[in-house]
Amino acid sequence: MPWPGVTGAQLTVNRAADGMRLSRYDRGMRFDPFLLDEWLDRNPHPRFNLASSTGPVWTLRELAALEDGCLDRLLSTRLLYTDQRGTIELREAVAEAEGVSPNHVQIVAGSSEALWMLYFHAAEPGANVVVPWPCFSPMLSMPKSLGLETRLYHLRRENAYTVDVDEVLSLVDGRTRIVLINTPHNPTGSTIDDVDLRAIHDFCAERGVQFIVDQVYHPIYHGAAGMAAASLPYATVLGDASKAMSLSGLRIGWMIDRDASRLKDYANAHAYLNITAAALSEPLAALALRQRRIVLGKAQEAASRNLALAKVFFEERADRFGWVQPRGGMTAFPWLKQQADARPFAEALTKGGVLIAPGDCFGMPEHFRFGFTAIGDGLPNALEVFARVAAEQLSDPVEAA
């Protein structure tokens, strides 16, 4: 029997000498190739990493030093399954940071697990979801793999990648199960105005559509800070330790939801997918949240300093690069003005030791994702190499004209 909500998904049955056996899944059950991770895996140790979407790296020693006795407590950790919903220590730390009750928090293995749960529960014949374009690949590939119709609202560079509320609302109908907003946005660094965020929230609440806000980069902003989406009563909010807190190796995320029925579904799904989170990761994530002033301060300082350098760099080369300044997060999404495909340029940069993420990983080939924070204080050196390769590889604008 097909999985619920997966149109056309079925198992092909082959007869073999030893009887009936299952040979493969129908194509509809497969994810699209994850081009971004394929690219990153091909270039695992660049000298200058400008492809990363996270912030300055922490070591276990550095993180543990933020609280007296932390290492001793970790060494006494019992390496068993933890709680299905997440330890109370971690849920309380999330709740305190987000201004909600611990009873409204579900711990997951990163926001990608949360997305999978949400799309899986939305999947039914004829259902659709509304997501941004461009976006982080799983936001689009996951619902497609489950047979959900994906309706895209576009973040356009000529409009500074801002969300067009009217476009979002026009895509919603009686079969819409999810509307997803990502703010600050990956890869563009755009943010949504608080008034617009509330307007979409209220619209979805009136129609019984689940409103999801992926806010993994909150509260890293470059200018006016956006609101904490957890304050919206009918929103499902995704956060994690990977992006704003720059602790991607912990593989810890969280979901905030005030709907008791949905929370029960999340806990059940988490039990199927991962049983619990990692016994060592949860106390470290709780520590980081308790010490978030320091942890987030380190990321904000690096992001602000390096964004100022990147802004000058790209604006001085406006004949070759298009640039929209990010308003939040740790990535920008520039584009080549003279070439339609940034991958050859990205390949040339890797030979000089600089890694960016080519835009075809996001379905927009002339663009590239430029992560300006993970590199810390190494950005000036990286930009020197970047400038040299650009001068060698990109067409001279005068000659091209």
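For the pairing with L197, the side chain to side chain contact (heavy atoms under 4.5 Å, CB included) check across L232, V165, T191, V163 returns one residue only, L232. When each of F333, W133, W39 is tested with F362 by the rule ring-ring contact (aromatic ring centres under 6.0 Å, His included), just one qualifies, namely F333. Put simply, the residue from L66, L60, T59 that forms a side chain to side chain contact (heavy atoms under 4.5 Å, CB included) with E62 is T59.
Side-chain atoms of S52 and N49 include no donor-acceptor pair closer than 3.5 Å. In the model, T176 has a side-chain atom that pairs as donor or acceptor with a side-chain atom of N128 under 3.5 Å. Under 3.5 Å, the side chains of N274 and E113 contain a donor-acceptor pair of N or O atoms. Checked by atom type, the side-chain pair T188/H185 shows a donor-acceptor distance below 3.5 Å. Side-chain N/O atoms of D257 and Y266 include a donor and acceptor closer than 3.5 Å. Under the 3.5 Å distance criterion, with hydrogens and angles disregarded, a donor-acceptor pair is assigned to the side chains of N186 and R369. Q210 and T236 form a side-chain donor-acceptor contact under 3.5 Å, judged by distance and modelled atom types alone.
From L394, atom CG reaches atom CZ of R320 across 6.0 Å, with rounding to the nearest 0.5 Å. A distance of 8.5 Å separates CG of L180 from CZ of F211, quoted to the nearest 0.5 Å. Taken from CZ in R47 to OG1 in T350, the straight-line distance is 14.0 Å, to the nearest 0.5 Å. In this structure, the separation between NE2 on H270 and CD1 on I107 is 8.0 Å, given to the nearest 0.5 Å. Atoms NZ and OG1, from K243 and T373 in turn, are 11.0 Å apart once rounded to the nearest 0.5 Å. Atom CD of E282 is separated from atom CG of L90 by 5.5 Å, given to the nearest 0.5 angstrom.
With respect to R177 and E124, a salt bridge is recorded, a charged nitrogen being found less than 4.0 Å from a carboxylate O. Between E89 and R290 there is a salt bridge, with a side-chain nitrogen of the basic residue lying less than 4.0 Å from a carboxylate oxygen of the acidic one. Ion pairing between a basic and an acidic side chain is recognised when a charged N comes within 4.0 Å of a carboxylate O; E347 and R42 show such pairing. For K311 and E316, the salt-bridge test fails: no basic side-chain N is under 4.0 Å from an acidic carboxylate O. Salt bridge status for R151 with E167: absent, with no side-chain N to carboxylate O gap under 4.0 Å. Remark: E384 does not engage R388 in a salt bridge, criterion side-chain N to carboxylate O under 4.0 Å. The pair K144-D32 meets the salt-bridge criterion, since a charged nitrogen lies less than 4.0 angstrom from a carboxylate oxygen.
The shortest heavy-atom contact between V57 and K298 is O-NZ, 3.4 Å. Across all non-hydrogen atoms, the minimal contact from L309 to P380 is CD1-CG, 3.9 Å. Of all heavy-atom pairs between S246 and M330, the closest is OG-CE, 4.1 Å. In this structure, P132 and L155 approach most closely via the heavy-atom pair CB-CD1, 4.4 Å. Nearest heavy atom pair, residue R85 against residue P102, reads NH2-O, 3.7 Å. Summarising the geometry of F372 relative to G329, their closest heavy-atom pair is CZ-O, 3.8 Å, with the distance given to 0.1 Å.
By the 30° and 60° cut-offs, the orientation of the rings of F370 relative to F314 is perpendicular. In this pair, H367 and W335 present their aromatic rings tilted. The plane angle is within the 30 to 60° band. Ring planes of F120 and W116: tilted class, angle from 30 to 60°.
Residue F203 qualifies as enclosed at atom CZ: its count of foreign heavy atoms under 6.0 Å is above 12. Counted within 6.0 Å of CZ on R207, heavy atoms from surrounding residues, nucleotides or ligands total more than 12; the atom is thus considered enclosed. Sparse packing is recorded around OH of Y81, with 12 or fewer heavy atoms of other residues, nucleotides or ligands lying under 6.0 Å away.
Here the side chains of V354 and L50 are in contact, with some heavy-atom distance below 4.5 Å. Y234 places a side-chain heavy atom less than 4.5 Å from the side chain of H201.
Between F386 and F345, the ring center distance clears the sub-6.0 Å criterion.
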